[in-house]
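All residue numbers refer to positions in the sequence shown, counting from 1.
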Amino acid sequence: PFTEKNIALLKTKETDVHDIIQKYSDTDVEGIAYSRDSKNGEKYLVIRVNGEECILNSSYDPTREAQSYAQKFAELYDNSALLLLGFGNGTFIREILKIVSNTVNIYVYEPCKESFISVIHDYDLRDILERDNVHIYISEINDSQLKIDLEVGINYMNSNMFYMDSLPKYSTLFQKDYMNLIQIYKDRKEYINADIATVVKLGTKMIENDIKNLEYIAKSTIASNYIGTFPEDMVAIVVSAGPSLKNDIEELKKAKSKGFIIAVDTEAKYMLDNDLKQDIVDCASYKKPNKVIFRVDIKKKKVQVSKCLVK
């Protein structure tokens, strides 16, 4: 009875999920994920994993169980972020939302596609789906988007308030997914910590470079200007330092009309000297003077320069 209402919200909030989920009916997951009535009249979710029936909520009082679980997040600060394994039937998510601020972003990964399809049909999830701070990722549907969204949502300002957890039973039932999620969590934290360490060590030089580059910024093109400019199926070729470049220069010339070529640092000069014009030159080293990298007339060659850090 809730299918159309839930699907309508998915269409506005989670387009990728909507386009796939709407193709399924509850009969498509029959025997894999289904609901039963608990002792207090609420529904609880049941799934089959490796042929075994697994109950994902209390069969007596699902809401009370979820309220008890949610208390561990009661102290989350504003602008915190939570990476959570398991959507379940929404009961746990709903109780978490009741006690955390609207500024707390919750990234929910559901490892069982059939489970999510079942609850879309059997439960009213509108109060969860309409929330802007709830981001849902389903295995085999839009799970690849999770890392991308975490790169945007988790940064040096909130990385110390980024947490991870699992709904009851999920870490045991879906051990591989749990370990993968832990790795994603660790990777994001470690990347940000490394980024912070870089800023601490090189901060002074980076500021000096920013000041020296001010005169060029007004006429520069930034990365966001390129969004939607190139075909999605265009191949990107990154050319960096290495002995193989000399052997592959002729092959690169053949690929010029088929891909987008990015030259890194001093390889730009070598390529231009060999009549191969790259599309972008990326100069990422804060120590290299640009005069060392560019002993050719860049303006005459009409090459876009990106991230040129002047020493």
Determine whether the side chains of Ser35 and Tyr123 contain a donor N or O and an acceptor N or O closer than 3.5 Å. yes

Between Asn50 and Glu52, is there a side-chain donor-acceptor contact under 3.5 Å, judged purely by atom types and distance? no

Within a strict 4.5 Å, meaning less than it, do heavy atoms of the Lys13 and Leu129 side chains meet? no

Heavy-atom side-chain contact between Leu125 and Ile120 under 4.5 Å: yes

Is a side-chain donor or acceptor of Arg131 paired with a backbone partner of Val134 at a separation under 3.5 angstrom? no

For residues Leu276 and Ile249, determine if any side-chain heavy atom of one lies less than 4.5 Å from a side-chain heavy atom of the other. yes

Between Tyr34 and Asp122, do the side chains contain a donor N or O and an acceptor N or O under 3.5 Å apart? no

Taking atom types as modelled, is there a side-chain donor on Tyr185 or Glu190 under 3.5 Å from an acceptor on the other? no

Going by distance alone, is a donor N or O of one side chain under 3.5 Å from an acceptor N or O of the other, for Asp149 and His135? no

Between the side chain of Asn180 and the main-chain N/O of Gln175, is any donor-acceptor distance below 3.5 Å? no

Testing the 3.5 Å rule here: is there a donor-acceptor pair between the side chains of Thr63 and Glu42? yes

Kindly give the heavy-atom pair with the smallest separation between Asn158 and Gly153, and that separation in Å. ND2-O, 2.9 Å

Do the ring centers of Tyr170 and Phe174 come within less than 6.0 Å of each other? yes

Taking every heavy atom of Ser159 against every heavy atom of Ile154, the minimum-distance pair comes out as CA-CG2, 4.2 Å

Got a sec: does the NZ of Lys72 have more than 12 other heavy atoms crowding it under 6.0 Å? yes

